[in-house]
Every structure is written in structure tokens, then in C-alpha cells.
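Notes follow the structure.
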There are 2 protein chains.
Amino acid sequence: MSRSPHPRRRATLASLAAELKVSRTTISNAYNRPDQLSSDLRDRIFAAAKQLGYPGPDPVARSLRTRRAGAVGLMITEPLNYSFSDPAALDFVAGLAESCEEAGQGLLLVAIGPNRSVEDGSAAVLAAGVDGFVVYSASDDDPYLPVVQQRHLPVVVVDQPKDVPGLSRVGIDDRSAMRRLAEHVVGLGHRQIGLLTMRLGMEPPNGTVKPAVADPQRLSTPHFHVQRERVNGVYDALAAAGLSRGSLTVVESYEHLPSSGGAAAEVALNANPRITALMCTADVLALSAMDHLRGRGIYVPGQMTVTGFDGIPDALRRGLTTVVQPSMDKGRRAGRLLHHPPRSGLPEVELLDTELIRGRTSGPPA
Amino acid sequence: MSRSPHPRRRATLASLAAELKVSRTTISNAYNRPDQLSSDLRDRIFAAAKQLGYPGPDPVARSLRTRRAGAVGLMITEPLNYSFSDPAALDFVAGLAESCEEAGQGLLLVAIGPNRSVEDGSAAVLAAGVDGFVVYSASDDDPYLPVVQQRHLPVVVVDQPKDVPGLSRVGIDDRSAMRRLAEHVVGLGHRQIGLLTMRLGMEPPNGTVKPAVADPQRLSTPHFHVQRERVNGVYDALAAAGLSRGSLTVVESYEHLPSSGGAAAEVALNANPRITALMCTADVLALSAMDHLRGRGIYVPGQMTVTGFDGIPDALRRGLTTVVQPSMDKGRRAGRLLHHPPRSGLPEVELLDTELIRGRTSGPPA
DNA sequence: CTGAAAGCGCTAACAG
DNA sequence: CTGTTAGCGCTTTCAG
């Protein structure tokens with residue numbers, strides 16, 4: 001003879017209170033302050049809740065009242081399977097998720113793909129019920145960053161853009177890490193070097209999405225800071241060794257496909273057949289390039305040195321010479337910065353350490 | 001002489017109304033029903049909003065009022081970098097994200113890692129401000145599924161668990177897809193077959209996380225339906241060909257590491273050196289197994305047939321014989337089921353099509 | 001330990 | 001086109 005478990009009207013805290021003839025406060029306390037009532041009453045309340053199908057305080061109503069949404073927003077301005085095709089990005093998200101879990105916070109994905117209008121995307125940012133935002137690796141001129149800022153919530157930028165006044169950031173010193181790597185390559189004796197980069201700007205260069213040699217103008221466009229810094233790191237090393245900029249052939253891979261590295265390598269080697277080392281700004285590019293070289297019968301490192309960046313598991317397993325960056329830790333730090341903001345109230349920049357790995361893919365030129 | 005852009009008290013819809021001496025409705029209309037007021041007034045309102053730093057209606061308050069949270073929850077009971085190490089899972093999320101974008105909904109990740117108490121995890125489910133849940137590939141006895149159900153929100157299960165009364169599901173016919181694949185392998189003449197599976201249960205078998213031969217008891221534990229169905233599909237094919245169950249050696253890979261497939265292959269070949277075909281319930285396992293075989297100097301398909309499951313890009317590129325399943329579409333459908341529930345109100349099961357790809361990794365036994 | 005009162009910020013009738 | 005009224009479901013003082 002038990003009553004229907006799902007009355008037409010959804011159970012609320014108030015209806016539970018009425019049913020049990022106690023005040024709403026008491027019900028609220030049962031869920032939020034167990035020490036404020038007898039465990040006996042508390043048990044009765046939970047029993048009644050179960051019986052009425054009351055799932056506990058409504059999260060939205062609670063958020064309105066407490067002024068805390070209980071979630072952080074992760075803003076990514078690329079298609080997800082695009083961003084997440086890089087294990088480094090994935091590790092970052094895992095780290096962020098971990099720190100959110102610890103803080104009892106949710107993680108709201110605000111992924112704005114390229115086939116949405118800026119209006120729609122902005123609406124998504126404005127509609128996100130969150131206590132703060134993590135902006136993941138956005139372009140300097142990302143149209144949604146201003147919208148995020150408009151919400152007057154805590155924001156942490158990851159990697160890029162750099163130097164946004166008032167925003168905390170976690171990243172690494174891309175330039176000097178890449179410089180050290182390039183010094184290693186130059187130190188081995190390489191004088192003609194190819195550098196394969198991920199996209200340098202939001203729009204494809206010269207209207208094509210195929211890998212292409214990046215001209216100086218493209219290199220100076222104010223778009224993706226991280227890639228630019230890594231390129232500059234190589235130039236730093238060249239300059240320090242007294243080499244001209246001409247010894248470097250930069251090829252931009254606009255698309256991020258599994259085969260992009262190989263395609264870019266091809267372009268670089270065609271542009272300058274004397275290249276003896278291919279540096280890559282991402283391990284995924286380097287691994288793909290290596291596959292491609294193998295297909296062409298070019299032996300690594302005997303005939304060609306290859307280096308990467310990131311230190312993803314696959315790369316380490318294959319002995320790639322690369323820079324390991326703590327991707328997961330980046331996520332954790334970003335979360336922590338949001339959940340436990342610095343007491344000063346001032347924005348903070350956290351630069352994490354990287355490690356140069358001299359693997360089995362770099363050696364003296366043939 | 002403009003006033004401070006950030007008054008101590010955050011601007012609200014009401015304060016804007018007061019400032020402009022119009023009613024709150026009018027402000028609300030400016031944001032939600034542009035046709036309900038002169039565009040002139042609307043512009044004035046937006047100008048004032050900008051000036052006061054009002055970012056538009058508070059999402060939480062709006063949600064409370066409209067009874068719509070504007071987000072769906074994606075529940076994953078594994079560490080993210082674990083789940084997402086499989087490109088198929090990633091594509092699924094991308095598809096789901098796409099459909100959420102279309103519907104103007106957010107996507108809240110409810111990722112409950114293994115090092116949280118069930119209590120904490122349940123709290124996360126209960127605290128999620130969402131309009132519905134997608135449960136991704138959970139075990140039959142996932143402790144959080146009942147908690148999700150307790151919220152009385154629409155739920156869509158992806159892949160597993162199967163046959164939860166009242167819940168919609170999107171998946172594929174794992175058993176018959178695997179059966180067809182096995183028929184292909186058996187048809188080629190293989191009589192001693194190894195089958196490498198992902199984890200079959202939440203707890204490690206016999207307390208070890210290393211790949212191990214799965215005994216009949218392990219195979220009948222009520223845990224991960226999908227793996228079980230795929231195993232059964234192989235048995236179906238064997239039975240149809242008049243082969244005994246003994247011709248199949250099942251090895252469970254509890255961990256999902258990049259090298260797991262190779263390790264499992266090793267276990268299978270040691271358990272039965274006469275194996276001439278290695279079937280795998282996931283492409284990631286198959287690819288790793290192939291790498292391992294190459295290392296051991298075993299030629300594929302000449303000396304060993306290898307098959308996968310999923311149809312991830314890497315697998316197709318390498319010519320793996322496999323079953324292609326529409327992972328991204330699964331995500332889209334799951335989202336659509338949530339955003340546009342069937343008019344009948346009844347739960348719906350959508351089984352998507354799969355395609356058998358006879359690649360370059362299967363051939364007659366040596 | 002329990003209850004009464006006062007909103008959190010917003011939208012949805014319904015009247016003008 | 002604009003304003004008035006009434007909550008959405010909850011938490012939080014502050015008194016008992």
C-alpha cells in the first residue's frame with residue numbers, strides 16, 4: 001500500500017518538510033549540516049526522501065542561493081577530437097579533471113567548434129553556469145576571450161595567449177626549452193634544419209590548409225604564441241651559434257591530422273633537400289614524420305635527425321629526442337589556481353619545468 | 001567622467017532596470033525577446049549594460065526560473081586519460097559535444113575516478129546542474145548508475161550496461177559484428193585462435209592487473225557487457241563452424257596501456273603456441289599486438305593473422321582487418337536522444353550499423 | 001535542536 | 001511595447 005514513488009509534482013525540500021511536518025531548515029540541515037539535528041530525525045528524513053523520490057537539494061536552486069555554481073568551465077576553441085588528438089592535451093584535461101574532483105567541482109566543457117557563429121559561441125560562454133574559466137591554448141585574437149572576461153569570473157589561461165592583463169596563466173618557457181633542444185641539434189653539427197610547426201594562425205596561410213613553408217610575414221602574425229615562441233627558440237640557438245636564419249626552413253602544418261607530420265616533412269625536404277635535421281614543435285608531428293621517413297627509406301638518426309616536443313608516451317617509447325613538459329600537472333595547477341586563488345588577489349603566472357630528453361633519434365649529420 | 005566600470009556590488013538585471021528607470025521585464029526582454037521592444041531601447045539597454053559591466057542574465061538564476069539547466073552530464077567512471085586514450089571514445093565525446101553545441105547545451109563532465117569514495121562520486125552526480133545524463137560505457141554493476149537514476153532526469157546509456165529498464169541506449173550489435181569478423185577468420189582456415197579483450201570486470205582477475213588467460217568463471221561474471229558480447233560472438237562463429245570452445249584462448253588485458261596489446265599477445269602465444277590468429281576486441285589492442293609481433297619477427301599476415309575492432313584512423317591506415325563502428329555518430333545520437341526525446345516518452349534503443357573491413361592483416365594460416 | 005522570515009536573480013503570465 | 005505580480009527551490013541569519 002505504499003504511495004506512488006513518483007507523484008505528479010516533483011518532490012522538493014518544501015514538500016518533504018510538509019510531509020514530515022518539520023521546517024524546511026531542518027531538511028536543509030539534514031543534507032548540509034548533519035550535526036545540527038538528531039541522527040534519528042535525519043534518518044527519518046532520508047527515509048521519507050527515498051520514499052518520495054526526492055534526490056536531495058536541487059543543484060540549481062542551491063547554486064543560486066549560495067552563489068556558487070560548483071563547476072569550472074573549460075573553454076576550447078577547436079573541435080574536440082582535434083584538440084584531443086594530442087595526448088598532451090588529453091593529459092592536461094585529465095589533470096584539470098583531477099583537481100576539480102578534489103575540489104568537489106564539476107567540469108563544464110565549453111567547446112566552440114569552427115562552424116558556429118561567434119554569436120552562438122558567445123552565448124555558450126555567457127550561459128555557462130560556472131565559478132570560473134580555464135581557457136586552453138587560445139589564439140591571441142580569440143574572439144571568445146573578451147566574452148569570458150566580461151563575466152567577471154576568475155580566469156586561468158593555459159599556455160596562450162600570453163600577457164593578457166589581469167589573467168593568471170600556467171605554462172612553460174617554450175622559448176628557452178626549444179632553444180636548449182635546438183642547441184643540442186646544432187651542437188651535433190646540423191647546419192640545414194627543417195622546423196615543422198602546428199598552425200601559426202587561426203586562418204590558413206595563403207588560403208591553403210596543406211603544409212607550406214612559412215614566410216617571415218606569417219611568422220610575425222600575432223596568433224599562436226606558443227608556436228611562435230618555439231620557432232624563436234630555434235632562431236635563438238642558431239644566432240648563438242653564428243648561423244643565419246636562412247639555415248632554418250619552417251613549415252607550417254595547418255591541419256592536425258595523424259599524417260600531418262609526414263606531409264610537412266615532405267614539404268620541408270622538397271624546399272631544402274640539404275636538410276639533415278627535422279625539428280618538430282610537437283611529438284605527434286615528429287612521430288608522423290618518422291613514419292614518413294621510414295616509408296621513404298630514410299634512416300633515423302643515421303640519415304636524418306628528428307626531434308619533437310611534449311614528451312607524450314608514444315614518443316618516449318620510441319626513443320624520440322624531445323622536451324618533456326608536465327601536461328597533466330598543467331591541468332592540476334590550472335584547477336588549483338581557480339579553486340584556491342592566490343591570497344594576494346593578483347594574477348599569477350606559473351611556469352612549469354621541462355626536461356630535455358636526448359633520445360635515439362638525434363645524431364650527427366651524415 | 002564615466003563611472004567606475006565595476007561597482008562594488010555586481011550588476012544585476014534589477015539594478016540595470018533601476019538605472020534606466022524601466023521595468024525588469026523590459027531588460028529581460030532585451031536579452032530574450034528582442035522583438036518585444038524597440039530596437040532603440042534595446043540598444044540603450046545594451047549600452048548601459050556594457051557600461052555597468054553587466055554580462056547578461058545570470059545563468060544560474062535563469063536556470064532556476066526556466067527549470068532548464070542548459071547542460072547535459074556525461075558520466076564516465078574511469079580516469080579520463082584512461083577512457084580517452086582510446087580514439088573511439090574520443091570520437092564519441094566529439095560527437096556528443098557537437099550535438100550539444102547544436103542544441104545550445106553545455107556538456108558537463110562527471111568523471112569519477114577510482115580513487116574517490118562512492119559517497120564523493122554520488123555527491124558529484126547529485127550536484128550536477130544538468131537536464132539529463134549520458135552514461136558512457138559503464139559496468140553492469142556501476143555504483144553510480146542508481147544515483148543517476150535517482151535524479152529522475154532523462155538518461156541515455158552508451159554501449160553498456162544493457163537492458164537497464166527504462167533507460168534509452170545507443171550502441172551496436174557487438175555480438176553479431178564480432179561473429180561476422182570471426183567467421184571471416186575461421187573461413188580463412190584458422191583453428192587455434194587467440195582473443196585479446198579489454199577488462200572484463202571492475203576488479204582485476206585473481207588480483208593481478210597483468211594480462212592473463214580468462215577462465216570460464218571470469219567470462220561469466222556480470223560486468224562489462226560489451227566485451228562479453230564480443231567474446232560470445234567469436235564463440236558463436238566457432239560453434240557454427242563446428243569448432244570447440246577449446247580452440248579459443250581468451251586473454252584479458254585489465255589495464256589499458258599503449259603496450260597492453262603486445263603484453264596480452266605474448267600471454268596468449270605462450271598459453272597456446274599453436275595460435276595462428278589473434279583477434280582483439282579493440283583496435284588499440286590489435287595495433288599494439290602488431291608492434292609486438294614485429295619485434296618478435298613474426299610476420300603479419302603471413303605468420304599471424306591479426307584483427308581489431310572499432311575502426312580508428314590509425315587502424316584503417318595500417319590496413320587492419322577490423323569492424324568499423326560509427327563512434328562519433330554514437331555521440332551525436334546520444335545527444336539527440338536527450339535533446340529531442342522520442343515523442344512516445346518510452347525509452348528507445350538505437351543500434352547503429354557496423355562494417356567489416358577485410359584489411360591486409362588477415363590471411364590463411366601458415 | 002527547530003522554525004520564521006528574507007531573499008539569491010531571473011522569467012512568465014497577465015494587464016495595461 | 002511596457003510594467004506588476006508571483007514565484008522557481010533553496011540556504012541562512014536570527015530567535016526560540
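The structure presented is a predicted model; accordingly, all values stated were derived computationally and were not measured. Just so it is clear, the values below take in all heavy atoms, side chains as well, and ignore hydrogens, waters and symmetry mates. Quick note on labels: first sequence line is chain A, next is B, and so on, each numbered from 1.
Distance A:Ile27 CD1 to C:dA4 C1': 15 Å, rounded to the nearest Å. Taking atom CZ on A:Arg62 and atom P on C:dG9, their separation rounds to 18 Å, with Å as the unit. In this structure, B:Arg10 atom CZ and C:dC8 atom P are separated by 14 Å, rounded to whole Å. Taking atom CZ of A:Arg68 as the reference point, atom P of C:dG9 lies 15 Å away to the nearest angstrom. The distance from atom CG of A:Leu13 to atom P of D:dC10 is 5 Å, rounded to the nearest whole Å. In this structure, the CG atom of A:Leu41 is 10 Å from the P atom of C:dC1, given to the nearest Å. Taking atom CD on B:Gln36 and atom C1' on C:dA15, their separation rounds to 14 Å, with Å as the unit. Rounded to whole angstrom, the span from the CZ atom of B:Arg151 across to the P atom of D:dG9 amounts to 14 Å.
Side-chain atoms of B:Asp58 lie closest to C:dG9 of the nucleotides D:dT4, C:dG9, C:dC1.
The base of D:dT12 sits within donor-acceptor range of the side chain of A:Thr25, with an N or O pair under 3.5 Å.
Within the nucleic acid shown, B:Leu64 comes within 4.0 Å of at least one base atom, counting heavy atoms only. A:Arg33 comes within contact range of the sugar-phosphate backbone alone, with a heavy-atom separation under 4.0 Å but no base atom that close. Using a 4.0 Å heavy-atom distance criterion, B:Thr26 is classed as a sugar-phosphate-only contact. Among the protein residues, B:Val22 comes within range of the sugar-phosphate backbone only, with heavy atoms under 4.0 Å from sugar or phosphate atoms but none that close to a base. Contact annotation for A:Asp35: backbone-only contact, meaning every heavy-atom pair under 4.0 Å involves sugar-phosphate atoms and none involves a base. Within the nucleic acid shown, B:Ser63 has no heavy atom closer than 4.0 Å to any nucleic acid atom. Among the heavy atoms of the strands lying under 4.0 Å from B:Ser38 are primed sugar atoms or P, OP1, OP2 only; no base atom is included. The residue B:Tyr54 sits close only to the backbone: its heavy atoms come under 4.0 Å of sugar-phosphate atoms, none of a base.
Between A:Lys21 and B:Asn32, it is A:Lys21 whose nearest contact on DNA chain C lies nearer the 5' terminus. Both B:Asn29 and A:Arg24 lie close to DNA chain D; mapped to their nearest nucleotides by heavy-atom distance, the more 5′-ward contact belongs to B:Asn29.
Using a 4.5 Å heavy-atom threshold, the side chains of A:Arg42 and A:Asn29 count as separate. Within the 4.5 Å cutoff, no side-chain heavy atoms of A:Val110 are placed close to those of A:Leu74. For the pair B:Val60/A:Val60, a side-chain contact is recorded, criterion being any heavy-atom separation below 4.5 Å from C-beta on. Looking only at side-chain heavy atoms (C-beta outward), B:Leu96 and B:Met328 stay at 4.5 Å or farther from each other.
Under 4.0 angstrom from either OP1 or OP2 of D:dG9 there lies no side-chain N or O belonging to A:Thr12. Here A:Arg67 does not reach the OP1 or OP2 of C:dC8: none of its side-chain N or O atoms lies under 4.0 Å away. Side-chain N/O atoms of B:Ser28 include none lying less than 4.0 angstrom from OP1 or OP2 on C:dC10.
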B:Leu80 and B:Leu109: CA distance, side-chain angles, deciding distance, side chain to side chain contact (heavy atoms under 4.5 Å, CB included) verdict: CA-CA 10 Å; B:Leu80 282 185; B:Leu109 241 48; 3.7 Å; yes
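Between A:Tyr136 and A:Phe92, the ring planes lie parallel to each other; the angle is under 30°, not in the 30° to 60° tilted range.
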